[in-house]
Structure formats: structure tokens, C-alpha cells
Amino acid sequence: MSACVPARADSARTKHIHPPHSPPPGGPRRFRLAGADVSAAIAVFLIALPLSLGIALATGAPLQAGLVAAAVGGIVAGRIGGCPLQVSGPAAGLTVVTADLIQRYGWRTTCAITILAGLAQLGLGCLRVARSALAVSPAIVHGMLAGIGVTIAVAQLHIVLGGTPQSSVPDNLVALPAQLANLHPADLAVSVLTLTLLLLWPRVPGRAGALLGKLPAALIAVAGATAVASLTGLLLPKVDLPSWSSHALATLPDGPVLGLLAAVLTTTLVCSVQSLLGAVAVDKLVTARPAPAGHVKRSNLDRELLGQGAANVVSGSLGGLPIAGVAVRSSANVAAGAVSRNSTMLHGVLVVIAALLMVPVLELIPLASLAALVMAVGLKMVSLNHIRTVTRHREVLVYAVTTFGVVFLGVLEGVALGIAVAVGVALHRLTRTRITHDQVEGVHYVHVRGQLTFLAVPRLSRILHQVPPGADAAVELDGSFMDHAAYETLQDWQKTHTAQGGAVDITGRRPGTRISEPAEEDGCRCRPWTPWRNHQCERPPKAPSPDAHGQAATDGATGGTLAAATGPTAPGTRDTRDTRDTAGAPGAPHPLGASGAADGPTGHELARGISAFHRNTGPLMRRELARLAREGQQPSQLFLTCADSRVVTSMITSSGPGDLFVVRNVGNFVPLPGEESGDDSVAAAIEYAVDVLKVRSITVCGHSGCGAMQALLDAEHGGARTPLQRWLRHGLPSLERALPDLDARANEPEQKQRQEQKQGQEQVPQDGRSRPLLAGRGPVDAAERLCLANVVQQMEHLRAHDSVARALRTGDLELHGMYFHVGEAQSYLLSEDAEGGVFALVPTTDLTA
């Protein structure tokens with residue numbers, strides 16, 4: 001068994017036996033070719049034909065070798081490869097490598113090197129190391145392609161001018177003045193015509209442009225230049241395809257062993273990296289396009305490497321060029337709507353047919369036209385978008401060094417030089433640490449930017465000792481790594497500084513991990529938004545030791561005397577016992593104690609949370625909050641929701657300070673004007689938000705498991721004596737909307753009600769009004785039905801307020817209904833298009849758009 005195919009222990013049990021009562025399976029499935037694959041194959045073929053001839057011309061190989069590589073890349077790599085829609089063939093990125101090999105060893109030895117490179121790719125594919133190729137910095141890859149593009153463009157410029165290119169870029173540049181002085185007008189005219197058609201064809205305006213744009217510009221450019229040259233009778237060097245009977249095949253490699261090994265390594269590296277990166281790019285193109293007619297699987301990079309290796313072995317054996325994934329053809333294949341690997345294989349078949357039947361037509365193509373086409377492809381490999389990207393990521397040095405190395409030294413040498421520079425840049429970033437010291441209002445701030453390693457310890461120690469003894473200090477760590485030497489330096493200084501009466505606050509590290517010793521014993525690593533009572537990573541609080549003034553003693557975890565609000569224990573620690581029953585029990589101490597100190601468990605939790613904010617969140621939000629303090633609040637929405645502790649508005653809306661003007665009350669009620677019963681707080685908030693803050697929308701948010709709704713269902717609505725009972729009277733209209741026939745439905749058989757809920761059916765009540773639905777189903781119980789109806793009812797109450805009515809009439813305000821299911825952590829938005837309203841689930845794609 002091949003090492004490439006893992007054996008399965010249960011392979012003997014994988015026979016597919018049809019069920020005993022089903023008809024026997026039919027014969028083998030018929031081969032079906034989708035229409036989208038046919039049209040995509042034709043489009044790719046029309047692009048591949050001139051480019052394959054042009055790349056063969058640029059390398060100095062027989063022109064037939066380009067057609068062989070295009071056919072083998074389409075059929076073999078298309079059938080075996082792991083990226084269904086990637087089109088393989090002779091690539092411009094291999095032009096410089098192949099041209100150098102042909103010049104050094106000859107064409108037949110170059111074919112043998114292609115075979116050995118394919119075998120190396122097969123070995124790498126069996127070892128499943130394809131993902132390792134993606135570890136190469138994109139700046140190196142883009143720099144390599146840019147260097148190859150410059151080399152191609154400079155070499156083909158000589159053919160465009162009617163001359164012959166030299167062996168290297170420096171030689172081509174030296175010979176360029178003489179070539180300009182001795183240019184051939186016919187070759188130059190055909191080349192200019194080709195470049196003009198190539199540039200202007202995609203830009204034809206109007207409906208005609210949309211129709212003609214379906215034909216590839218490369219084909220039109222070469223065909224147009226060929227037609228003009230033939231009609232005008234220009235005497236130009238043209239394509240010469242010798243008889244297939246005299247086609248040169250591979251031979252045993254002849255040359256120095258080290259040189260041949262370097263050639264195989266270079267070919268393997270360039271082919272593999274370009275193909276694997278191309279497969280990743282094709283996945284992105286497939287994901288970005290509209291939903292195709294068929295499902296396209298993501299690339300299997302190890303299988304793609306195997307397919308490329310097999311294609312290179314076959315291509316080299318048949319006398320073809322080295323093969324790699326080609327970006328231009330792959331992009332055209334995806335854009336044309338291909339849905340399977342059949343398009344790639346069919347394009348290879350069309351190349352075979354053209355190579356056998358269209359030889360007289362192909363021999364009419366001027367070489368200058370092909371040279372102009374390849375020169376344009378080379379110039380496109382120097383992408384301005386790539387340059388902007390590497391500049392933005394501060395990798396332009398790696399890009400530039402790789403590009404110039406490939407141009408002046410060679411592909412392998414340039415890539416090796418780029419890797420060395422990339423490693424140097426990474427080490428420089430790792431060791432480059434900026435440490436600054438500022439004093440603001442008596443507090444000394446030490447800001448550390450970058451990774452804190454032993455190389456930065458001398459500077460860190462010098463800056464820390466600039467903080468006067470006994471002063472308040474804050475150390476802000478803006479980095480993701482700290483080694484042991486830096487850790488000990490910072491910890492020793494903290495102990496010394498706190499022993500001298502100073503206070504130290506260390507911020508910026510991962511929440512819950514601190515420099516002080518208690519963090520070593522049990523640092524808190526709870527996730528954000530975790531409730532206090534679910535923090536299971538903290539110790540019981542230490543007993544407070546009040547001093548003469550009754551305040552908490554010095555806290556060793558923070559290195560200073562904490563204020564009364566921070567409590568007697570170290571930040572990040574708490575009593576893990578469940579205090580829900582004792583916190584509010586009769587006789588229990590006040591949460592903050594008589595003097596405001598955090599004596600009780602609840603006060604400790606609050607103080608711990610405040611201390612965590614000061615330590616972790618405060619430094620990150622200080623600038624933003626300072627800006628909001630200067631500019632004042634400018635919220636865009638009024639968010640009216642229930643006072644339930646499980647509804648965290650900023651969490652479920654992903655909003656921040658200044659975004660929402662929040663009004664909370666029991667049951668998210670909006671009393672009608674004149675029915676406030678002495679409480680105008682909700683109406684005042686609405687008026688202030690609409691008329692003063694000029695909010696653009698108001699959202700009424702209900703939630704599952706609402707205690708106010710359950711109280712409405714359970715209460716006897718007679719005389720209202722307590723404040724809560726008086727407040728719940730504002731929910732009576734919602735109760736009438738949701739359950740006018742509640743008493744009648746209570747007498748229905750329970751089985752019938754469950755059946756209605758299961759089928760998602762809402763019976764039309766006796767009052768004829770439809771009830772709100774939840775994502776196409778009926779509410780699970782009366783409480784949820786009341787929650788949904790309450791949102792709709794409170795939106796009607798909102799419209800009765802004068803300020804809201806005015807803003808709605810002028811179009812300056814929108815009203816939204818929302819329902820948050822606590823148990824599902826899902827939000828539903830009210831769509832009032834349907835009768836009665838439907839609360840539709842908010843999909844994840846909408847939230848990230």
C-alpha cells in the first residue's frame with residue numbers, strides 16, 4: 001500500500017449494502033458535464049493558448065513544450081489535485097528559473113530536472129508538509145514574483161523591439177540602448193497593437209462592452225495583431241511548431257551533482273509555493289462569489305501538492321515545461337462560474353485538440369505579439385496592491401531585498417536572501433522594546449511597548465529606578481511576552497517600592513495574571529462577562545486587619561494601601577462560597593458595611609470588580625472615556641429594556657460607552673401619557689432622548705423568563721396596594737393583547753395546547769387580532785406569548801408620546817422591537833411586515849456585516 005494513503009482498521013467493514021427492502025443500486029453513475037464547466041473551460045482555454053506559447057518563447061524552450069505543459073496541467077493536475085478550480089500549466093513565475101536551466105543544461109536535461117522536481121513534490125505531499133509552505137512570509141513570495149516579473153519584462157522588451165534578449169537582467173539593461181538604436185518598426189508596431197488591444201478591450205463601454213468583455217483580452221490582442229500582420233503582409237518572425245515526431249523528450253541529467261540538486265530544489269520550491277498560495281487564493285475567490293450551482297470543496301493542500309508533482313513528472317516525461325498553479329487562469333475559471341474540476345480537465349483536452357489540429361493557424365502568430373503579451377503579464381506581477389500591503393505591515397525591506405535579489409542574483413538566491421532578512425526583521429521586532437517614563441498629577445507612569453525580554457532588562461531597571469521611593473506608580477505593559485529575567489526584575493522592584501511605602505499598579509497583561517506572588521498561586525483566568533458567582537478560580541478573602549483609622553491594611557497583592565472601595569483582600573480574589581442566600585438575609589451585614597468598607601461578600605464582589613476594571617479595562621478605555629467626557633454624550637439610540645440582571649445591554653448589542661441611552665424598569669413598560677401615577681421618569685427619559693439628545697431610533701427590548709410578565713399572569717388585578725402592584729398595572733394592555741381568552745384556553749386540554757405549540761400554529765383569538773410570532777413558531781407558553789405581545793404594545797404606547805409622534809412624522813426617528821432569549825443567547829428583531837408582527841432571528845452574518 002502506498003505511504004500516501006493511510007490504512008483504515010475498519011476497511012473490511014466498509015462494504016455498502018443496500019437496505020433489504022430497497023431496490024438494488026443501479027449501474028455506474030453517468031458522467032455529467034455541467035454547462036457552467038463547459039463555458040468556463042472554453043474561457044480558460046482561450047486564455048491559456050496564447051499565454052502558453054508566450055511563456056515557452058520567453059524561456060527559450062520549444063514552443064510545443066508550452067502546449068504540452070498546458071494540456072498536462074489541465075488533465076493530470078486537474079484530476080488529481082486537491083484544489084478543484086485551480087488551473088495549472090506553464091506559469092510566468094517559472095519563466096526565469098526555466099530559462100536559466102535551459103541555458104545551463106540544455107532542454108532535455110531541463111525536462112529531467114522537471115521530472116525530479118515532480119518526484120520531490122510527490123514525496124513532500126506524502127509527508128503532508130504542504131501547510132509548512134504557507135509559513136513563508138507573503139512579503140517574500142510577493143517579492144519573488146515581482147523580481148520574476150521584472151526579469152520577464154526586461155527580457156521580452158528586446159523581442160518587442162525586434163532583437164534578442166540576453167541571459168540576465170544586467171546584460172539586458174546594458175544592451176538596451178543599442179537595441180533602441182536598432183529597433184525594427186514592424187515588430188514594434190505589432191507589439192504596440194497587441195498592448196493597446198490588451199489594455200483597451202476590457203474597457204469597451206456600454207452594452208457592447210459587456211457582451212464583448214466575455215472574450216479574453218489576451219486572445220483578442222494576439223488574434224488582432226496576427227490578423228493585421230497577415231493582412232498587411234509584414235515580414236516578421238512567427239511561431240514555428242516543428243513536427244511532433246521530432247519533439248525533444250527528457251534524457252538523463254548531465255551536469256554537476258550539486259548544480260543539479262540546486263536546480264531541482266529551486267524548481268520544487270517555486271512550483272510548490274506558487275501552487276499552494278494559488279490554491280488558498282482560489283478558496284477565497286470561491287467564497288467571495290455568489291452561491292454556485294454546485295458545492296465546491298475547500299482545497300486539500302497535501303493532495304494539491306501530489307497533483308502538482310504528478311503533473312510535473314508527466315510533463316517532463318513528455319517534453320513539457322514545469323507546471324504550477326496559474327493565477328490568471330484560475331481567476332478566470334472561478335469568474336466564469338466553474339463548479340467542479342471538470343472545467344480544468346476539459347480545458348486541457350481543448351489544448352490537446354488545438355495542438356493537433358490548429359498548427360497552421362498557430363504558426364501565423366508573430367513572436368513580437370507573444371512577447372508583448374508576456375511582457376504585460378510580467379509587469380502585472382509587480383503589484384502595487386502588494387507593495388501597499390507590505391508597506392502597511394512594515395515589511396517593505398523584505399519585499400525589496402527579495403525583489404532585487406531575484407533580479408540580480410537569481411530566484412533561489414533572492415528567496416534565501418529574503419528569508420534571512422525576514423528572520424532578522426522578526427528578531428529585531430522581538431528585541432525592540434520602548435520604555436518611557438511620564439509623571440501626571442503626581443503618578444509616575446512607566447509604559448513598556450513591545451516584548452519584554454532579558455535584552456530590555458537594563459533599560460527597564462534604569463527607568464524603574466527613576467520613580468522616587470514612596471511615590472504612586474503605574475506600569476503599563478503593552479506586549480504579549482515577558483521572559484523570566486524581566487519578570488523577576490519587575491517583581492523585585494515592586495516589592496522594594498511597596499516596602500518603601502509606595503503603591504504600584506501593573507496593567508496591560510492578560511486579565512487575572514499579575515506580577516505579584518498571589519497570582520502565582522491562583523491567578524484568575526475567567527472569560528469576559530462571566531458572572532461573579534461563576535468565578536471559580538479565586539481564594540476565600542483574608543481577614544481584614546484594620547489600622548488605627550479603621551481602614552483596610554496594606555494589600556500585598558497591589559503593593560499599596562487600597563481605598564475603602566477596594567476591600568480588604570487582593571484584587572482578583574473572592575469567597576467562592578455561594579452567598580446568594582446570606583447576602584440579603586435578615587441580620588446580615590450591609591454590603592458595604594457601616595463605614596462604607598467592603599465587609600460583606602457582596603461588597604467584596606463589587607469591590608473586586610471595580611479593582612479589576614481599574615487594573616485591566618480602565619487603562620485601555622481611559623483615552624476614549626476622556627474624549628466622551630470632553631464631547632458629552634451623543635447616543636444614537638434609546639434602548640428601553642427590563643431591569644432584569646441577566647439582560648446586559650452592552651453585551652447583547654456589542655455597544656460601548658456613548659452608544660446607547662438606556663432606560664430600564666421592571667417589565668420594560670412605557671406608560672401612556674397621563675397614566676404615570678406620579679412617576680414621570682420613563683416619559684421624561686423619552687422626551688430627553690428624542691428632543692435633547694436627538695436619538696435616531698428607539699428600541700423596546702423584552703426577554704425570556706421575565707418576572708414581571710409572570711407576575712402579571714399570576715396576580716389578581718383588583719386593588720393595587722403595593723408600589724410593585726401599582727406599576728404592573730401598566731402591563732394590563734399587554735395582557736389583554738396577548739391573552740384576551742386566557743381563561744378559555746386554560747380550560748382547553750393540555751395535549752391540544754402542546755400540539756399547537758409543536759406545530760407552530762397560532763390560533764386567531766376571539767378579538768380578531770393576530771398575535772406576534774417568534775421565528776415562525778408559536779410561543780412555548782403563555783409567559784413567552786405575553787413577553788412578545790408586551791414589546792408590540794409598548795411600541796404603541798411610545799407612539800402616543802408627543803415627542804415621539806413628532807419625530808416619527810418628520811422621519812427623524814425609527815421604532816424597533818426586540819426580544820432576547822436568555823437561555824439561547826439569541827436576539828430576535830420585530831418585523832411588522834406580517835400581520836401581528838414576527839420576531840425574526842438575527843443571523844450572525846448580519847452582525848458582522
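The structure displayed is predicted, hence computed values, not measured ones.
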Please identify which of these residues, Q793, Q794, H797, E796, meets the side-chain hydrogen bond (donor to acceptor under 3.5 Å, both in side chains) condition with S734.
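Exactly one option meets the side-chain hydrogen bond (donor to acceptor under 3.5 Å, both in side chains) with S734, and it is Q794.
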Euclidean distance, [Y] [atom2] relative to [X] [atom1], rounded to 0.5 Å:
X	Y	atom1	atom2	answer
H703	R646	NE2	CZ	6.0 Å
S636	R696	OG	CZ	5.0 Å
I698	L813	CD1	CG	4.5 Å
S827	M818	OG	CE	3.5 Å
Q826	I652	CD	CD1	12.0 Å

Would you check, one step at a time, whether the test side-chain contact (heavy atoms from CB on, under 4.5 Å) holds for Y688 with I686?
CA-CA 5 Å; Y688 182 74; I686 294 172; over 6 Å; no
Would you check if [X] and [Y] make a side-chain contact, meaning some heavy-atom pair closer than 4.5 Å?
X	Y	answer
T699	L638	no
R799	L808	yes
Y828	L788	no
I610	H614	yes
T649	T641	yes
L625	L628	yes
C701	V791	no
C706	C787	yes

Residue pair S299 / D283, side-chain donor-acceptor N/O under 3.5 Å
yes
Under the rule for side-chain contact (heavy atoms from CB on, under 4.5 Å), what residues qualify as partners of T653, not counting sequence neighbours?
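Scan of T653 (side-chain contact (heavy atoms from CB on, under 4.5 Å), adjacent residues dropped) gives F639, S655, L660.
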Here the side-chain hydrogen bond (donor to acceptor under 3.5 Å, both in side chains) pairs for residues 620-629, sequence neighbours left out, are E624-R627, R627-E631
Salt bridge (Lys or Arg N to Asp or Glu O under 4.0 Å) contacts in which one or both residues fall within residues 808-820, not counting sequence neighbours:
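Salt bridge (Lys or Arg N to Asp or Glu O under 4.0 Å) check on residues 808-820 returns no pairs.
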Answer yes or no: is there an ion pair linking R664 with D644, defined by an N-O contact shorter than 4.0 Å?
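Looking at D644 together with R664, the answer is no, because their closest N to O distance does not fall below 4.0 Å.
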